[in-house]
Number of protein chains: 2
Amino acid sequence: MITLAEENYLKAILSISLNSDGKVSTNAIAGEIGTSAASVSDMLKKLQDKKLVKYKKYKGVSLTKKGNSFATSVIRKHRLWETFLVNNLNFDWGEVHDVAEQLEHIKSEELVDRLDAFLDYPKFDPHGEPIPTKDGEISTTNTIPLNKLSEGTNGKVMGVTLDEKPFLDYLTKLNISIGTEIKLLEKISFDQSISIKTGNTKQHISNDVAKHLLIKTN
Amino acid sequence: MITLAEENYLKAILSISLNSDGKVSTNAIAGEIGTSAASVSDMLKKLQDKKLVKYKKYKGVSLTKKGNSFATSVIRKHRLWETFLVNNLNFDWGEVHDVAEQLEHIKSEELVDRLDAFLDYPKFDPHGEPIPTKDGEISTTNTIPLNKLSEGTNGKVMGVTLDEKPFLDYLTKLNISIGTEIKLLEKISFDQSISIKTGNTKQHISNDVAKHLLIKTN
DNA sequence: CTAAATTTTTAGATATGTCTAAATCTTTTT
DNA sequence: AAAAAGATTTAGACATATCTAAAAATTTAG
Ligand SMILES: [Mn+2]
Ligand SMILES: [Mn+2]
Ligand SMILES: [Mn+2]
Ligand SMILES: [Mn+2]
């Protein structure tokens, strides 16, 4: 049996390796989970014993096929639950992440399958993040983070890569949500902050915000 | 914070005290949870420290107001989830208990409220068991266990007091579900087994089965 | 290529929840 | 009212998951 803590470590390792390449470091995992590097070291040994990761001391870690499959399944459950919460229980997109962190650990294949069917096999969650299929496929989209676009480019917000409430509340305040058309007006080289136009209003946002907005250019 | 294990103990204490009176014994809890009496002793001390139970060594335990409120809330969540699983995800009534045992521990008041509204404030779960209201009211029904009825009585099945799969599968095989009209034909004094008539068919069931069927007489 | 800085691991504690075996308390028999 | 039986608690272990502090390895700088 795989425990809740183990699931969270596997998910963290997958998340990190999707946004970087090569082996995942102990410190990166500690940062992602909000725990000490010592705890991570301990856990990596256990995951190694269970053949869920490939781990060489001091050399970082990567998921085995089995580990990747578990991690993907947890992300699938997380995103399906988020979709349910927003679509059916009328939660706001900023309110669902914490509850989904709990629901993702409910163990029942049948439940996930039926929830998926009930939701009519959604491809993306309320944050525009792709929902892995039952057999572990994660669809990739040809989107670019807003901060990587060049000045003058037009595009549409397809998703966000952070689903914490303060961030999403700020986006709501900026009148930005999935589907919003955005034009990148100007990039300030001093701090990489960005001027954008949405509808008829100009706004200015930090690089930290821009990098979490996935844009599909027109 | 109340832990998952603590919630299960409180729920067990409430369940037992609903079907008996006076203090709840250590052994009864151990039996209900499927754990050792030693573990129960340990836990009762912790629950006492948290003011969730009133406990005197060797003298049994009872829930405080606070403990009762938590326990009721867990049962409410359990039954709401079971209702969701049957009504919306097309689970059979025998398949939902184990998953609900997990879902009942998800912590989010908002979630429970919204689920309740989504289900349109159901009063009973798929097994005919009453769903406590948000403020902890558990409706009582004027039903009698089938084994307590006298010969010749007619009635309707309003609920079951056991929701394990083997039992519910057997009921399905007997063509008995909630709403089924039953006539008690004969009680055998030797083993308290019972002859019944449902529709046009006569069947014979044990006392063990009959006692878990709640009947409303016509 | 050494020395300093950083990262990672190990050592030793702590908290939770469980177990078995032994001790103690309570209830039932005789 | 003692002895036996039964219920309950305590004692001592163990597994999981976490932490801080110290040691060791690796990486980066000078
Ligand atoms: Mn999320
Ligand atoms: Mn999401
Ligand atoms: Mn149930
Ligand atoms: Mn039920």
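Not measured: the values here are computed from a predicted model. Letters A, B, ... mirror the listed sequences (proteins, then strands); counts begin at 1.
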*Asks:* Going by salt bridge (charged side-chain N to carboxylate O under 4.0 Å, His left out), name the residues that satisfy it together with A:Glu129, two or more places apart in sequence or in a different chain.
*Replies:* A:Arg79

*Asks:* Output all residues satisfying salt bridge (charged side-chain N to carboxylate O under 4.0 Å, His left out) with A:Lys107, sequence neighbours left out; order by chain, then residue number.
*Replies:* A:Glu7

*Asks:* Output all residues satisfying salt bridge (charged side-chain N to carboxylate O under 4.0 Å, His left out) with B:Glu137, sequence neighbours left out; order by chain, then residue number.
*Replies:* none

*Asks:* Would you indicate whether B:Glu164, at its atom CD, is surrounded by more than 12 heavy atoms from other residues, nucleotides or ligands within a distance under 6.0 Å?
*Replies:* no

*Asks:* Can you tell me which residue pairs pass the side-chain hydrogen bond (donor to acceptor under 3.5 Å, both in side chains) test with a partner in residues 110-123 of chain A, sequence neighbours excluded?
*Replies:* A:Arg76-A:Asp116, A:Glu110-A:Arg114, A:Asp113-A:Lys134

*Asks:* My understanding is that only residues two or more places apart in sequence, or in another chain, count here; which of them pass side chain to side chain donor-acceptor pair (under 3.5 Å) with B:Lys165?
*Replies:* B:Asp169

*Asks:* Please give the angle, rounded to 10 degrees, between the axes at the start and the end of the helix from C:dC1-D:dG30 to C:dT30-D:dA1, where five pairs define each axis.
*Replies:* 10°

*Asks:* Output the residues of residues 21-30 of chain B in contact with DNA chain D, where contact means a heavy atom of the residue under 4.0 Å from an atom of the strand; sort by number or write none.
*Replies:* B:Ser25, B:Thr26, B:Asn27

*Asks:* Keeping to residues at least two apart or across chains, list the ring pair (Phe, Tyr, Trp, His ring centres under 6.0 Å) pairs with something in residues 11-70 of chain B.
*Replies:* none

*Asks:* In chain order, what residues pass the salt bridge (charged side-chain N to carboxylate O under 4.0 Å, His left out) check against A:Lys187, with sequence neighbours excluded?
*Replies:* none

*Asks:* Listed by chain and number, what are the side chain to side chain donor-acceptor pair (under 3.5 Å) partners of B:Gln192, not counting sequence neighbours?
*Replies:* none

*Asks:* Show me the protein contacts with nucleotides 2-5 of chain D, counting only N or O atoms at under 3.5 Å.
*Replies:*
none

*Asks:* Give me the distances for all protein-to-nucleotides 16-22 of chain C N/O pairs that come in under 3.5 Å?
*Replies:*
| from | atom 1 | to | atom 2 | distance (Å) |
| --- | --- | --- | --- | --- |
| C:dG17 | OP1 | B:Thr3 | OG1 | 2.6 |
| C:dT18 | OP2 | B:Tyr9 | OH | 3.4 |
| C:dC19 | OP2 | B:Thr35 | OG1 | 2.6 |
| C:dC19 | OP2 | B:Ser36 | N | 3.2 |
| C:dC19 | OP2 | B:Ser36 | OG | 3.3 |
| C:dC19 | OP2 | B:Ser39 | OG | 2.7 |

*Asks:* Measure the spacing between CD of B:Glu186 and OG of B:Ser193 and express it to the nearest 0.5 Å.
*Replies:* 8.5 Å

*Asks:* For the residue pair A:Thr72 and A:Asn68, confirm or rule out a side-chain donor-acceptor distance under 3.5 Å.
*Replies:* yes

